[in-house]
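Have a look at the structure below, then the notes.
In what follows, chains carry the letters A, B, and so on, assigned in the order in which the sequence lines appear, proteins first and then strands, with residues in each chain numbered from 1.
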Protein chains: 2
Amino acid sequence: MDSHVTRRIITTLRDERPHLTEAAASILAASNAQRLVAAGAALADPVRVQLLAVLAAAGEVCSCDLEAPLERSQPTISHHTRILCDAGLIVGEKRGRWMWWRLNEPGWRELQQTLARLSGPPLHIER
Amino acid sequence: MDSHVTRRIITTLRDERPHLTEAAASILAASNAQRLVAAGAALADPVRVQLLAVLAAAGEVCSCDLEAPLERSQPTISHHTRILCDAGLIVGEKRGRWMWWRLNEPGWRELQQTLARLSGPPLHIER
DNA sequence: ACTTCATATTGATGAATGTCAATGTAGTAG
DNA sequence: CTACTACATTGACATTCATCAATATGAAGT
């Protein structure tokens, strides 16, 4: 018998406790978890983190100007910008032949909210 | 020195533009970037994110009670807890033969500060 | 039209990663 | 000491990923 399992628990689950899965879902819905994983994967590479730092510093940078600071080939830069874009962390705008990238503030806000909810002071960030 | 770069283009780089690298470093130091990459890698797996959600919901859970909700073998659970622990997102305490895991609040705080700095606080977190 | 430049895509390759069975280690109880 | 339990580690395998060369797309200028 598994007896002692959890210590601090949400009131609704205190007695039941069969599936921590449900309690976890109440904190992090599946769709949010999925986006968080994508954001994590985007942040899981030093080149991409450096890329974000460059954008944070310069505000807006085109792809070709990323090759030098990141010391990667053009296809590799394109690969990384795509991953960051898909994760919602940056957005690109094509002007002429240049692709201008910048941080996507809404994406960052959502990420930080998800992390706040997870790391969670058991508070009500609640709508 | 201009230091505070804040987000919009820095005057010193507008014309010069040789090294975005330095401007990026002023926003995200190498050691912080490294920790961010580790945290990102830790969050880049759905099983680990689920594990974090379980801990967030239950407060403290031992390894053996993670196998069922995560639907993974014991070695795999051990593998994931190790990665999350190395990333500073969880901490474990051995009591008896059980390993009790919980979220590591300082680690989360640091991560959120790094993200806030990267995402371009319209503010002055300024040091 | 043609040329040039910036970017995206494809294909290939070596490296990293998630998974589990098998085994090792340590703590508890008998 | 022996047996059992919780967890960690090792080894092997399949998958994913980062990288670049080569090629394709597209946009602007001549």
Using every non-hydrogen atom in the two residues, find where [X] and [Y] come nearest and quote the distance to one decimal.
X	Y	result
Ser26(B)	Ala23(B)	OG-O, 2.6 Å
Ala24(B)	Ala57(A)	N-CB, 3.8 Å
Val49(B)	Ala33(A)	CG1-CB, 4.0 Å

Please test Leu111(A) against Leu36(A) for side chain to side chain contact (heavy atoms under 4.5 Å, CB included), starting from the C-alpha separation and ending with a verdict. CA-CA 7 Å; Leu111(A) 172 59; Leu36(A) 176 55; 3.7 Å; yes
If you walk 5' to 3' along DNA chain C, what is the first nucleotide with an atom under 4.0 Å of a heavy atom in chain B, and what is the last?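 Taking any atom under 4.0 Å from a heavy atom of chain B, the span is dG18(C) to dT28(C).
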Check side chain to side chain contact (heavy atoms under 4.5 Å, CB included) between Ser78(B) and all other residues, then give those that pass, not counting sequence neighbours.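 With neighbours one apart ignored, the set is Gln74(B).
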Please confirm whether the backbone N or O of [Y] pairs with a side-chain atom of [X], one donor and one acceptor, at under 3.5 Å?
X	Y	result
Arg117(A)	Leu28(A)	no
Trp108(A)	Leu89(A)	yes
Asn104(A)	Gly88(A)	yes
Arg35(A)	Gly107(A)	no

DNA chain C contacts among residues 75-85 of chain A, heavy-atom distance under 4.0 Å: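 Those residues are Pro75(A), Ser78(A), Arg82(A).
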Can you name the side-chain hydrogen bond (donor to acceptor under 3.5 Å, both in side chains) partners of Arg82(A), sequence neighbours left out?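 Counting only residues at least two positions away or on another chain, Arg82(A) forms a side-chain hydrogen bond (donor to acceptor under 3.5 Å, both in side chains) with Asp86(A).
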Enumerate the protein-to-nucleotides 13-15 of chain D contacts in which both atoms are nitrogen or oxygen and the separation is below 3.5 Å.
none

So Ser63(A), base contact, sugar-phosphate only, or nothing? Heavy-atom distance under 4.0 Å.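 Sugar-phosphate contact only - Ser63(A) comes under 4.0 Å of backbone atoms but never of a base.
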Base versus backbone protein contacts along nucleotides 23-30 of chain D [heavy-atom cut-off under 4.0 Å; B, S, -]: ----BS--
Could you check whether atom CD of Gln34(A) has more than 12 heavy atoms from other residues, nucleotides or ligands sitting under 6.0 Å from it?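 No, the 6.0 Å shell around CD holds no more than 12 heavy atoms from other groups.
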How about Leu84(A) and Leu55(A): do any of their side-chain heavy atoms sit closer than 4.5 Å?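 Not touching, per the 4.5 Å side-chain cut-off.
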